[in-house]
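Below is one structure, written out as structure tokens; the observations come after it.
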Amino acid sequence: MELKIKEALLSNSEMLFGMQVEEKLIQFQKTRKDVSGDLTLVIFPFVKVLKCSPAEAGEKIGEFIKGNVGNIDSYSVVGGFLNFVIDADYWISALSEMDKIEKYGFGEPNTKPTIMVEYSSPNTNKPLHLGHLRNNFLGYSVAEILKANGHKVIKTQIINDRGIHICKSMLAWEKFSPLNEKGERETPGNTGVKGDKLVGKYYVEFDKHFQIEANAIIEQWNAEDFSETTEEVGAEFNRLDESKTGKDEKAIKGIDGKIKELAKNQTSILREAKEMLIRWEGRDPQTYLLWTTMNNWVYAGFESTYKAMGVDFDKLYYESDTFILGKDLVDEGLAKDVFFRKDDGSVWIDLTEDGLDEKLVLRSDGTAVYMTQDVGTAVDRFKDYPDLQGIIYTVGNEQDYHFSVLFLILNKLGYEWSENCSHLSYGMVELPKGMGRMKSREGTVVDADDLMESIVDSAREMTQERGHLDGISEKEREALFELIGMGGLKYYLLKVDPKKRIVFNPQESIELNGNTGPYIQYAHARIRSLLAKAENNDNTAMGLKNVELQPVEKEILKQLAGFPNALNDAAKNHSPALIANYMFELVKLYNNFFQSIPVLIEEKEELKDMRLVLSRNVAKVIGLGMSLLGINVPKRM
RNA sequence: GGCCCUGUGGCGCAACUGAAUAGCGCACUGGAUUUCGGCUCCAGCGGUUACAAGUUUGAAUCUUGUCAGGGUCACCA
């Protein structure tokens, strides 16, 4: 309808306005609730062109549209707004149209450019936590939304499987794992502990010993015992220690932090870890075997976590394969004068003209940093997928700076596709006050597996006491509890604008009333139950003419008609929250309808049929929309 | 300190990216079922959109400044 009006205005522009108006001037919006009408055209932009009052302009345009575009019942001008009342026939035929399409609102698959969505990208030294949940749900959902809009999508992650942090877990396991009666160290097999948890345990174990050793060194230094320290380090300590005098508490804390760093670098345990990293990079067979073994434990653990999350990937990238990539590009960049080399041999890029700093891209010893690798990986991905148009990186907002640098570098290296790369930056998930920030080494994380399990537990309790569970097998019940619990959790994390941070409240996430996943799931179950009871629920809206529409029914139809638009906006903004809000709006309208308007007991057949078709399409859109959030909907609950 | 993000009823969030009297959920108060699923619905209470200027016919939205919270400024990833 908006299109029809827009076309009519544009093609008759000369006659109406005496000049060709820009398309931008034609702005539609939803009609306010307290004004009668279905669609509103904003008149203000035309006032200047027509040189008359908004009321006159509105009359003129309204009269024209009513006479030249079909299905307009009436129009009214209120202030600078032209409100159209669209007739029932229009809405009924819209219903009939959407009813024919199984995936209503979706674009033709694989008809739009290929986009890669990266998400999750975990380290293999610790289990996934609450923050990963938001990351995974977001990335997965955005990928689904893009697919639904017709894009070809490649879901991927880069697995951080190498580096000093991995060696820390490996070393701690070798040093501290107790031996059982068969003389074996702990494995997932002989302990029953999930692989990623076991490796994570040794990462924490490393840190414990690391801290103890570092603190002991500081104590020695404080006692002026530098017997085990080199002269330079001793001098550095004294310099830092003296600089504390006269400083305030905050500054002292900062200096203490530096001293701690200094001491940590002197520990034997860190030295051993570094030596291990060197052995790994030299492909020492024994180290490599240990690395492969422990990583495989972790992958098995991750796999079960991803399965519980309901996410998947089309292609995996491993940092151990990609960390060398990018070095050639550094040479290329040097040749193009994009980068420059400092005296010590390190390579940098100067981004001061872009409002940023100088950034290191290659260490003085010639090894790659994270940035080098990311540049290389991006280029590599475009080689892997020649039709790739852009990459969306789902990564927390603490890396905003990193990504603005990355995209700038790619741009300066001459890759035009860098403009199509974006950072889907999301706010941190924080714990309620007093619980502090999540730090895996300090054991203050909310573990992903634990959280999902406890959410499903709550869903089980709540559903058992109020659910309609008769005649459902035990197995189906469990699947249902999972569906409700996970639906609640996903909805809770996705309904908020990605860039806003979330304070995670376990209580609220499992709430069933209000703007929640289960509220929407319930509406779906209810409709399915209604449809099941209807004798003939495969009727069509075809041939429904002259049916009278109740105001709520029309509201629902308007909302349904807006689904393609919502889908489009969500894709454009990379925001599942827009889908969630759309769903909630739709369900509220439907519940209102359900409460006040009879369906099955309606005597007039054509009304009953129309309401069934309406209900069926609401259920369909709920199912489609929720699937974009990675949420399943039940037939009963 | 530089840069980035955020600030909307007691709490949690919307507002189609500049339009009408700023919407909704939770909580609170009161009501609704001889009817298809009460995990439902209706009504009420509650806001100077952090503050101050500015641009505009029109600002929660854009600009500038101030304040508050968070992030980031590594030859870490």
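Scope of the values below: all heavy atoms of this structure, side chains included, with no hydrogens, waters or symmetry mates. The shown structure was predicted, so the numbers you read here are calculated from the model rather than taken from an experiment. So you know, we letter chains A, B, ... as the sequences are listed, proteins then strands, and number each from 1.
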Any [X] side-chain N or O less than 4.0 Å from OP1/OP2 of [N]:
X: A:K500; N: B:rG7; answer: yes
X: A:R526; N: B:rG38; answer: yes
X: A:R363; N: B:rC76; answer: yes

Answer with base, sugar-phosphate or nothing: what part of the nucleic acid does [X] contact at a heavy-atom distance below 4.0 Å?
X: A:D354; answer: nothing
X: A:A523; answer: nothing
X: A:Q521; answer: nothing
X: A:K24; answer: nothing
X: A:L578; answer: sugar-phosphate
X: A:I597; answer: base
X: A:T40; answer: base

Of the candidate nucleotides [options], which contains the atom at the shortest distance from the side chain of [X]?
X: A:I601; options: B:rU35, B:rG69, B:rU6; answer: B:rU35
X: A:N160; options: B:rA77, B:rG37, B:rG25; answer: B:rA77
X: A:F594; options: B:rU72, B:rC36, B:rU40; answer: B:rC36

Mind calculating the distance between [atom1] ([X]) and [atom2] ([N]) to the nearest angstrom?
X: A:K30; N: B:rA22; atom1: NZ; atom2: P; answer: 18 Å
X: A:D497; N: B:rG23; atom1: CG; atom2: C1'; answer: 17 Å
X: A:E430; N: B:rC5; atom1: CD; atom2: C1'; answer: 13 Å
X: A:I622; N: B:rG37; atom1: CD1; atom2: P; answer: 16 Å
X: A:N513; N: B:rG12; atom1: CG; atom2: C1'; answer: 15 Å

* Asked: Hey, mind stepping through A:R460 and A:D457 against salt bridge (charged side-chain N to carboxylate O under 4.0 Å, His left out) and telling me if it holds?
  -> CA-CA 5 Å; A:R460 181 179 299 115; A:D457 284 345; 2.7 Å; yes
* Per the atom types in the model, does the base of B:rA77 pair as donor or acceptor with the side chain of A:N125 at under 3.5 Å? -> no
* Base B:rU40 to side chain A:Q595, donor-acceptor N/O within 3.5 Å cut-off -> yes
* Does A:F81 stack onto the base of B:rA20, taking stacking as ring centres under 5.5 Å apart and planes under 30° apart? -> yes
* Would you call A:F44 stacked on B:rG58, i.e. ring centres under 5.5 Å apart with the planes less than 30° off parallel? -> no
* To do: Tell which nucleotide pairs with B:rC41, taking only Watson-Crick or G-U wobble pairs whose two distances are both under 3.5 angstrom.
  => B:rG31
* Which nucleotide, in any strand shown, forms a Watson-Crick or G-U wobble pair with B:rG7, with both distances under 3.5 Å? -> B:rC67
